[in-house]
Trainee: 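This is the structure I want to talk about, given as structure tokens.
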Amino acid sequence: MRVVVIGAGVIGLSTALCIHERYHSALQSLDLKIYADRFTPLTNTDVAAGLWQPYLSDPVNQQEAHWNRQTFDYLLSHIHSPNAANMGLAPISGYNLFHEAVPDPFWKDIVLGFRKLTPRELDMFPDYSYGWFNTSLTLEGRRYLLWLTERLTKRGVRFFQQKVESFEEVARGGADVIINCTGVWAGALQPDPLLQPGRGQIIKVDAPRMKHFIITHDLDRGIYKSPYIIPGIQAVTLGGIFQLGNWSEVNNSEDHNTIWEGCCRLEPTLKDAKIVAELTGFRPVRPQIRLEREQLCFGSSNTEVIHNYGHGGYGLTIHWGCALEAAKLFGEVLEERKLLRMPPSHL
Amino acid sequence: MDPVRVAVVGAGVMGLSTALCISKLVPGCSITVISDKFTPETTSDVAAGILIPHVYPDTPIHKQKQWFRETFDHLSAIANSAEAGEAAVHLVSGWQVFQSIPTEEVPFWADVVLGFRKMTEAELKKFPQHVFGQAFTTLKCEGSAYLPWLEKRVKERGGMILTRRIEDLWELHPSFDIVVNCSGLGSRQLAGDLEIFPVRGQLLKVQAPWVKHFIRDGSGLTYIYPGASNVTLGGTRQKGDWNLSPDAEISRDILSRCCALEPSLHGAWDIKETVGLRPYRAGVRLQKEILARDGRRLPVVHHYGHGSGGFSMHWGTALEATRLLKECVQALRAPTPKSKM
């Protein structure tokens with residue numbers, strides 16, 4: 001069975017790992033390759049702040065809530081490990097702030113210790129009148145990708161730097177199954193009018209005194225358009241930019257000012273913080289994630305494609321649940337082709 | 001009117017914060033802080049500086065709560081101001097976990113810290129050896145930054161700093177009118193107080209920037225406090241032990257206990273050992289005393305004996321020491337009664 005995963009962001013690498021862990025011993029042979037034109041540190045995953053937190057509103061597809069939970073539980077089970085920090089994983093607590101009272105989010109029982117903010121806590125944030133406190137997880141994109149890469153390499157999975165121009169080229173190269181994890185660029189392989197870039201820009205600073213995430217919300221303007229401060233393993237990410245349809249990969253000085261002023265207003269001590277990086281990325285925005293099978297016919301053979309893209313600003317948050325689902329779809333393909341010689345291992 | 005000349009003995013967190021309080025609240029004083037040791041060589045520089053009170057058996061609870069609240073409010077104001085960086089004061093959230101259910105599930109300071117509540121079952125899963133826990137948000141100071149910040153503020157207000165080892169409080173007479181004794185363990189000698197003794201604490205200061213929460217075992221012996229520039233791992237409580245040299249076996253034990261609470265600490269690097277002697281006393285000594293010898297009088301305000309609770313109580317007790325000093329100043333300025341024939 002020859003499998004090609006296209007894409008080496010968090011979705012590509014985690015899906016590859018999930019499939020390999022479950023089916024490697026169940027198959028006569030599993031040859032799994034990863035094709036991508038961008039690897040860490042040049043993927044969108046590398047730009048993400050790395051905080052586990054879904055959007056505030058219920059997902060269009062209820063399965064996504066389940067996949068979010070599966071991801072949190074999976075990550076939580078790793079925080080006891082001495083290697084957690086190497087994975088880019090650590091618990092972190094913090095504040096979500098609002099200008100008015102809002103209903104509790106669907107994920108309130110997934111995170112730990114979710115509660116409303118007390119009046120004294122709200123006094124610390126004079127522009128806001130309502131909020132939540134909870135303990136969540138940091139999963140830093142770059143470290144996690146490096147960790148996934150190491151796990152995959154140890155399993156004999158090979159990586160190829162190349163720009164895939166079509167599914168056909170990969171199929172004719174011998175792939176039986178193609179896993180499409182091309183994220184925001186999926187439209188280049190197959191037009192998808194539902195997929196759009198949600199451009200984000202972030203500033204990374206040195207601010208080791210900051211131990212909490214602070215995410216503000218402006219419900220009129222929409223998600224990620226209000227300042228946020230998210231400490232990672234080492235640096236702190238400042239953000240608050242979300243521009244639908246903007247493909248500019250260049251850092252924009254007006255956006256820089258928006259982020260800087262907004263975050264310094266929220267946390268005045270940041271004004272003395274040293275800037276260590278500034279990055280632009282594209283959230284792969286879609287009304288819901290495309291996670292489904294498609295059969296493509298090239299010449300005489302059928303090639304199975306499993307699409308797994310369109311995770312918006314919550315890719316790290318939902319990645320493992322989606323990887324499990326993609327692995328399940330892969331299992332269906334194997335069953336249909338009567339390829340399984342033993343039940344798949346469930347790790 | 002001539003200024004009242006005040007000598008503050010000791011330049012740890014008590015000496016410097018008392019000097020600052022006096023400079024703000026008692027007009028007409030000239031203040032000199034005198035000590036043989038200054039930051040970074042004081043006990044306060046070793047302390048983690050987290051605001052979690054230690055209970056003093058000999059002090060009424062309402063007083064301790066007042067001192068803690070005053071300290072919390074004072075540091076909270078700094079944390080929310082432009083000075084937060086210089087003073088290295090910041091908020092930190094975390095958990096205090098117990099291996100058996102404590103007699104007091106809600107401590108006296110629960111409503112002074114932020115967001116105090118019992119840990120949920122899901123949160124306790126992270127600590128398989130522990131059956132009960134408290135989650136809250138508190139403040140952390142870092143002696144090595146806070147002390148210089150205090151010293152700067154004292155100097156800005158005209159306070160003077162003098163490096164000198166005082167062997168006897170009478171050395172300060174007649175150059176000074178009132179002495180404020182913040183000499184911690186030094187009071188065994190300077191005040192002849194044998195009720196104060198060291199409780200040795202060995203600590204590790206490590207690099208582990210991913211640790212964002214404090215974790216404290218309810219026994220108080222094992223703790224992890226993430227700070228502005230490092231993570232403090234502790235500790236020990238060795239009564240009557242004056243030894244300031246770190247013990248390698250103890251360091252291994254501390255690291256092992258902390259890794260049991262937070263396994264990711266196995267990845268910590270740049271591990272530095274340090275030792276501090278807590279100035280332990282059953283109650284903080286906040287008291288006026290008039291020393292008398294050969295017809296000479298020297299008013300002293302004692303302000304020492306904070307044990308494990310120094311940072312947690314420092315501003316509240318400094319305010320109280322300042323009130324006592326004000327009484328001494330008023331007594332000095334009062335017209336002397338005519339002697340009866």
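Just so it is clear: chains get the letters A, B, ... in the order the sequence lines come, proteins before strands, and each one is counted from 1. Predicted model, so just to flag it, every value in this text is computed and none were measured.
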Trainee: Working to the nearest 0.5 angstrom, can you tell me the gap between E121(A) CD and L91(B) CG?
Mentor: 9.0 Å

Trainee: Can you name the closest pair of heavy atoms from P263(B) and S81(A) and give their distance?
Mentor: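 Nearest pair, atom of P263(B) first, then S81(A): CB-C, 4.3 Å.
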
Trainee: State, to 0.1 Å, how close W210(B) and A85(A) come at their nearest heavy-atom pair, and which atoms those are.
Mentor: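 Smallest interatomic distance, heavy atoms only, reads CD2-CB, 3.3 Å.
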
Trainee: Under 4.5 Å from any heavy atom of chain B, what part of T269(A) do you find: side chain, backbone, both or neither?
Mentor: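 The answer is the side chain of T269(A).
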
Trainee: Are the side chains of N80(B) and M124(A) in contact, using a 4.5 Å heavy-atom criterion?
Mentor: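 They are in side-chain contact.
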
Trainee: Do you know which of P208(A), G113(A), A84(A), P268(A) has the most heavy-atom pairs under 4.5 Å to chain B?
Mentor: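 Greatest number of close heavy-atom pairs with chain B: G113(A).
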
Trainee: Taking the side chain as C-beta and beyond, is there a heavy-atom pair between K126(B) and H80(A) under 4.5 Å?
Mentor: yes

Trainee: Quick check on the interface: out of V89(B), L265(B), V211(B), L114(B), who has the most heavy-atom pairs with chain A under 4.5 Å?
Mentor: L114(B)

Trainee: Which bit of T138(A) is near chain B, if near means a heavy-atom gap under 4.5 Å: side chain, backbone, both or neither?
Mentor: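 Nothing of T138(A), per the 4.5 Å heavy-atom cut-off to chain B.
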
Trainee: With a 4.5 Å cut-off on side-chain heavy atoms, are T135(A) and H213(B) touching?
Mentor: yes

Trainee: Show the nearest heavy-atom pair for residues A84(B) and R209(A), with the distance to one decimal.
Mentor: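 What the structure gives for the nearest pair is CB-NH1, 3.7 Å.
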
Trainee: Name the member of P226(B), A82(B), G267(B), C259(B) that forms the most heavy-atom pairs with chain A at distances under 4.5 Å.
Mentor: P226(B)

Trainee: Tell me, out of A90(A), S93(A), G88(A), who's got the most heavy-atom pairs with chain B below 4.5 Å.
Mentor: S93(A)

Trainee: In terms of heavy-atom proximity below 4.5 Å to chain B, should H212(A) be classed as side chain, backbone, both, or neither?
Mentor: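 The answer is the side chain of H212(A).
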
Trainee: Compare every heavy atom of T118(A) with every heavy atom of G115(B), then report the nearest pair and how far apart it is.
Mentor: CA-CG2, 4.5 Å

Trainee: Among S76(B), S81(B), G227(B), A122(B), which residue has the highest count of heavy-atom pairs closer than 4.5 Å to chain A?
Mentor: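 Between S76(B), S81(B), G227(B), A122(B), the count favours G227(B).
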
Trainee: Taking the side chain as every heavy atom from C-beta outward, state whether T137(B) and F133(A) have any atom pair closer than 4.5 Å.
Mentor: yes

Trainee: So what's closer than 4.5 Å to chain A heavy atoms on D111(B): side chain, backbone, both or neither?
Mentor: backbone

Trainee: So, taking the atom named OG in S77(A) and the one named NZ in K125(B), what distance separates them when rounded to the nearest 0.5 Å?
Mentor: 12.0 Å

Trainee: Measuring from R120(A):CZ to F72(B):CZ, what's the distance to the nearest 0.5 Å?
Mentor: 5.5 Å

Trainee: I need the residue from R115(A), M210(A), E267(A), K271(A) with the largest number of non-hydrogen atom pairs under 4.5 Å to chain B.
Mentor: R115(A)

